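Report on one structure; see the data block that follows.
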Amino acid sequence: MSEKLVLIDGHSILNRAFFGLPDLTNSEGLHTNAVYGFLNILFKILEEEQPDYLTVAFDVHAPTFRHKMYEAYKGTRKPMDDALRQQVPLMKEMLAAMGVCTIEMEGYEADDLLGTLAGMGERAGMEVSVVSGDRDLLQLATDHVRIRIPKTKRTGTEIEDYLAADVKERYQVTPKEFIDVKALMGDTADNIPGVPGIGEKTATALIGQYGCIEEVHAHADVVKPPRASKNIVEYWDQAVMSKELATIITDVPVDYDFANAKIDGKASLYTEEAYLLCKRLEFKNLLNRFTVDAQKNHAEESFQIVKDQKTADRIWKKAEGKEAGFYVVEQGVQNQQLSLFDTAEEQKFAGLAISFSEEDNYLMVASQELPAEKLKQDLLERQELYAADLKPALAAFDLHDVPEEMRTRFFDRTIAAYLLNPLKGAYPYEDIAKDYLGLMIPSRTDLLGKQMPGDVITEKEADVLRYACWESYITWKSAAVLKEGLKEHGMEQLMREIEMPLVFVLSDMEQDGICIDANALKEYGQKLSVSIGELEQKIYEEAGETFNINSPKQLGVILFEKMQLPNGKKTKTGFSTSAEVLEKLAGDYPIVADILEYRKLSKLKSTYADGLSNFIDATGKIHTTFHQTITATGRLSSTDPNLQNIPIRIELGKMIRKVFHPMPGDLFVDSDYSQIELRLLAHMSGDEQLIEAFRENQDIHRSTASKVFHVPFDEVTDLQRRNAKAVNFGIVYGISAYGLSQDLNIGTKEAQGFIDSYFETYPKIKEFLDNTVAQAKEKGYTRTLFGRIRPIPELSSGNFMTRQFGERVAMNAPIQGTAADIIKIAMIRVHDRLIREHFRSRLILQVHDELLIETAEEEKEKVIALLEEEMQKAADLKVELAVGTACGQDWYEAH
DNA sequence: TGAGTCACG
DNA sequence: ACGTACGTGACTCAA
């Protein structure tokens, strides 16, 4: 096999990393984000390619002669951001510490060095990779020189790869022709003028036809369009200069010896010196790479594909008595029958990866020889099953109402990782590997790009094998570490008794779905359309012109510039047109009232009327997805569609709920907790005043008003009650005078007065909140009654505002989180009893403090009793939990 | 892709 | 002096 050379465009990658990452600083105040990002990209490349040679090229700081040439012509380069400039020497220091070969040369750009070295490597018979954020380098691509462009995404780094053929495919021109395209179209970022009037389209077309600018010039008389024809002659000198500017020099007289770029095993990269530097820069999650990397992971060598029953039987036999990690490969099957529309896709079981030792990692592909049904059965006979992501696996296996005996055999590593750190948006296996095992391994996008494993399981078998087995292997290997972590943090019980059982409840709820009256929904949407049309015309008349009312930008211009309305509050990008602002103007200006109305109706139509109809399946049902590992506090979230934000506060919006109905002949039972968060506050603070108010079952806001404003309970005015209610909300959210003043439209002084009186009335609550914040500052996290933690890194921020935010979060998280824990417990118990006591009734939805059940008429009374009982008894507090229940033929009636 | 807006608890 | 209430997700526009 030929040797591999990796060349890195130093400044370009630093630049990418700098702008792609938030501004990290270490405790010395050094900016470190660019170095950090660079290292991550470097490690990823090393991991993927395992090159034999590595070199990083830098520009020398003085401008090169080519830019001088142009600067004389026009303009200068932008100066570098100071926070980035500081990091250049730091990066060089790091590379030196790691023993990485670097190169820079007076008079030449990094591009030229890269081009020259790439050519040298190719001629020496190597496979070359050039890593840069700069598309100019695409001109260097050949069959053996690959240009790799990293893109920093939310989910990590993705790399676009270009061999010569890929450039041709993507840009319709060869790498050499790419130079000429650039010469014509120009590049402002690179100070290449190009030819005026020729953009990307024309340039590509012309070069595609003629091959180079000289030929285009020679045929100028027949070149189309006319503007290009004229300008190619008129600006010919500029075109020639642009070509020169765009051309990367590939014959720089470099003093370079591959021997200096040789990577001598891991040891020379992961040096003591580099380790210490990483420590100084506080790259904590890079550190374990230096220590653990010595024991390189060999699991991948054992990944094996299995397609016949005989081999599978042997494997299952070998796995007996062992814990197994598994990952289910699903295949999207387009199914016209499935939906009223053509968008629905059914997920079908396509394969199963299992892991039960360092050497035993298999992907079993479902087929005639290896039936899906048999694979499922064999898997489900295992005693200890570690799932990469259990809920979708249950759906793929078509498992409902799983008996307890089977439920307790599962452990979901994604949920475990979520409990240990609920702040991450996602828990992909490569993060688990890095955070808990100190392993750096390729991610899904590295292996499969944007493609879904199930969709390419036949065409890209080897890649899917790698991906699926990494999933199962990491699941298997990390389980022990994650369990240990849960134990250390006192969250074993939370995991075992709440989160894991809940997976099965949510799975059943999702699979059951909820019935929707599609026709009624359509009619509702049509009615909205009519009203929206009328309002639209009216608004245009009032404005004296037509414009896009949905564009805050255009709307701002119309209202605050053209019509000169007062009070133009600003956002970062222009005038604020939020409801808060507009409501203040609505009384004086009819157009503003109409716009508010228009906004409301548009929202209802686009998000609910039209939005929901896209999710109705062939049986007339909607199946939301509940997410158990998203929120920082422990709540669930709901997507595709979100059924936790269906309108209720305004009547017209609430009408939507009439289209949500039970199965024919059945009815809905809906219970919600009353004031659960304030009850929890009473319990957790132990404040006698608040506890007593709840025990006496008083109107809690009136009671608060009476005490805070020192008026008899019966003489509390509406305004006083409203103010007290806002304070109660504020307390739960982590009170601030400013926030309260905004909510009540009063001054901050007055708001602070309310808060002071409140804390005088309820001293234990103040004590509790202060205590919670203090503990959070000390430990770095808060905890719910059931042990769930929420880390609050903001509390140690140097920024005052950020720290304040951290304090509010610290006050809110234990309350919101405990409420989330409690309703989860209730859900598990309700679901369990409905199955165990053989009810036909099903739990359908959860909306944070509300549970919706679909029930048969004859079960109604028993189900109401069951639901209320389990919700009330879910937690035993100093104040009882109160539940309100309603029934009905649709969700409107039942809530 | 991010910002603005708005629906819910 | 600072300039925000806590937690979510979907849609739209305009780069």
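Every chain is numbered from 1, with letters handed out A, B, ... down the list of sequences. What you are looking at is a predicted structure, and each value in this text was computed from that prediction instead of being measured.
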Can you find an N or O donor on one side and an acceptor on the other, under 3.5 Å apart, linking the side chain of Asp743(A) with the base of dA5(C)?
yes

With respect to the phosphate group of dT12(C), does any side-chain polar atom (N or O) of Ser602(A) fall under 4.0 Å of OP1 or OP2?
no

Is there a donor on the side chain of Lys553(A) or the base of dC13(C) sitting less than 3.5 Å from an acceptor on the other?
no

Between dA10(C) and Ser606(A), is there an OP1 or OP2 to side-chain N/O distance shorter than 4.0 Å?
no

Give a yes or no on whether a donor-acceptor pair under 3.5 Å exists between the nucleobase atoms of dT8(C), that is its base, and the side chain of Thr631(A).
no

Per the atom types in the model, does the base of dG7(C) pair as donor or acceptor with the side chain of Arg808(A) at under 3.5 Å?
no

At less than 4.0 Å, is any side-chain N or O atom of Gln554(A) found next to OP1 or OP2 of dA14(C)? Yes or no.
yes

Both distances below 3.5 Å, Watson-Crick or wobble geometry, any strand: find the nucleotide opposite dA1(C).
none

Arg649(A) side chain near dA7(B) phosphate (N/O to OP1/OP2, under 4.0 Å)
no

Phosphate OP1/OP2 of dC6(B) contacted by Arg599(A) side-chain N/O (<4.0 Å)
yes

Taking 4.0 Å as the cut-off, does a side-chain nitrogen or oxygen of Arg790(A) come that near to OP1 or OP2 on dG7(C)?
yes

Stacking between Tyr738(A) and dT4(C), defined as ring centres under 5.5 angstrom apart with planes under 30°, is that present or not?
yes

For Thr573(A) and dA3(B), is the shortest distance between a side-chain N/O and OP1 or OP2 below 4.0 Å?
no

